[in-house]
There are 2 protein chains.
Amino acid sequence: MKHLPHKTIERLSQYRRALLLCHAKGMTHIYSHEIAKIQHITAVQVRRDIMLIGYTGTLRKGYNVKELIDLIGQIIDSVEGINVCVAGIGNLGRAITNYFSGKRTKLSIVAVFDVDKSKIGKKYHGIECYAIEEMARVIKDKKIEIGIITVPAEDAPAISEMMVKAKIKGILNYTPKPVNVPSEVYLEEYDMITSLEKVAFFVKTD
Amino acid sequence: MKHLPHKTIERLSQYRRALLLCHAKGMTHIYSHEIAKIQHITAVQVRRDIMLIGYTGTLRKGYNVKELIDLIGQIIDSVEGINVCVAGIGNLGRAITNYFSGKRTKLSIVAVFDVDKSKIGKKYHGIECYAIEEMARVIKDKKIEIGIITVPAEDAPAISEMMVKAKIKGILNYTPKPVNVPSEVYLEEYDMITSLEKVAFFVKTD
DNA sequence: TTAACAATGTGAAATAATTAACATTTTTCT
DNA sequence: AGAAAAATGTTAATTATTTCACATTGTTAA
């Protein structure tokens, strides 16, 4: 289990989510082709991913759901858990805070930030909103390692810089404005406009 | 310009956005390494993408910003424009509607849907909200070709099925629940939880 | 018991995406 | 004018990812 490919990590996260549902339904075992069907990928791909993490199923019975869930957890979760913050508590920020609240115990959103004075001090899904100026302090105090950026695009670079200064380790930028971070900070960017334009393109062509 | 790679399409969309900003600032030309810097990728990659769409810059002067914007438009936009709808006008739905309103003229959100009776008939960024039951009719009447799903995860499969029945051509699913569509419908799925788990993983390891 | 079947596990091939290397050309400098 | 520098355009190499093909092995059924 040397270096897991990025794509495999993404799929493992998704397998786990699907497996948790199966587990809740009382299934004890699952075949690679069943997982594949849910994720609309091939069974070979599922088996290869599982192979890469060193798990092995039972021939003819498939994979033990509980064991696989636990193993994926060992791989992708960190033991102590990771604290996360969200900068910008507009619609997108609230949507994300909403999604995560109470879902994954190992990843917790522990602070949100905004410039809007009327929001500061309020709670969003039980998480307190702080002023942007307090970011450095709060990130340090609460041992926050990951920041999610959902501010208006033009503010993204400044926010990212503040996070970097506060020694954050990873940034997930949801604004359409790319931000620059030093190489020791892990950066993931996702742009909704691009995704929609991509769908539009492939709808047109194929 | 045979088959453009998926990744190239995504980047072209992003180049255009960056170029529009440059154009607004009055820049007439831009070098591949300048574009690369903005998107944090390599200059070779930029040149290759541009090569693939058959544009050629001026040696020593770089690319003509306006021409490149227009050419990218010719490639990724459709001439007549494409109508889009959003199912589920919660936080995420509103965030997306917000992002798009007035931005790209070739892609317009022309309807939003929700189950919440109190939302039906109201307008969100100028776009009327209809009841889910009206989806088939509205998609047909308004010639909607792309649907964005931002309903609660458990409702995603039903919504997707309704869209497919209404002969939508592409779906962008933002719920963590994968949906099944026939092969003639282009499907793109994005899962925020997976992205955050991925960041958490790579923060931990590298 | 033995043959057929249905699943996993995996080396090897194929495909997709990125990066390196460099030829070419215009501009600038001496 | 000629040399150096700085950019593009592109072939080839490399790396990443997916898929194929098939060996292996429990399980079921004749």
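Order of the sequence lines fixes the chain letters, A, B, ..., with proteins taken first and strands second; residue numbering starts at 1 for each chain.
Scanning for ring pair (Phe, Tyr, Trp, His ring centres under 6.0 Å) contacts around A/H33 gives A/Y31, with sequence neighbours left out.
Listed candidates were D/dA7, D/dT19, C/dG9. Nearest to the side chain of A/T42 is D/dT19. Out of C/dA7, C/dT19, C/dT27, the shortest distance to the side chain of A/R60 is found at C/dA7.
For the pair B/E34 CD and D/dA7 C1', the computed distance is 11 Å after rounding to whole Å. With rounding to whole Å, A/L4 atom CG is found 14 Å from D/dT17 atom C1'. In this structure, the NZ atom of A/K61 is 18 Å from the C1' atom of C/dC5, given to the nearest Å. Taking atom NE2 of residue B/H6 and atom C1' of nucleotide D/dT18, one finds them 14 Å apart after rounding to whole Å. The CD atom of B/Q45 sits 15 Å away from the P atom of D/dT8 (whole-angstrom rounding). Between B/D49 atom CG and C/dT18 atom C1' the separation is 10 Å, expressed in whole Å.
Using a 4.0 Å heavy-atom criterion, one finds that A/T8 contacts no nucleic acid atom at all.
The phosphate of C/dT18 has OP1 or OP2 within less than 4.0 Å of a side-chain N or O from B/R11. Contact between the side-chain N/O atoms of A/Y63 and the OP1/OP2 oxygens of C/dG9 is found at a separation under 4.0 Å. Contact annotation: A/R47 side-chain N/O to C/dT8 OP1/OP2 distance is under 4.0 Å.
When every heavy atom of B/N173 is checked against every heavy atom of B/A156, the shortest pair comes out as OD1-CB, 4.4 Å.
Where A/L59 and A/M51 each meet DNA chain C at their nearest nucleotide, the meeting point lying more 5' is that of A/L59. In terms of position on DNA chain D, the residue among B/T56 and A/K7 whose nearest nucleotide sits closer to the 5' end is B/T56.
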| task | Decide yes or no on ring-ring contact (aromatic ring centres under 6.0 Å, His included) for B/H6 and A/F202, but give the supporting numbers first. | result | CA-CA 9 Å; B/H6 279 222; A/F202 285 108; 4.1 Å; yes

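Side-chain N/O atoms of B/R48 and base N/O atoms of C/dA17 include no donor-acceptor pair closer than 3.5 Å.
Neither side chain, B/R94 nor B/T150, offers a donor N or O lying under 3.5 Å from an acceptor on the other. Between the side chains of A/E188 and A/Y186, at least one donor-acceptor pair of N or O atoms lies under 3.5 Å.
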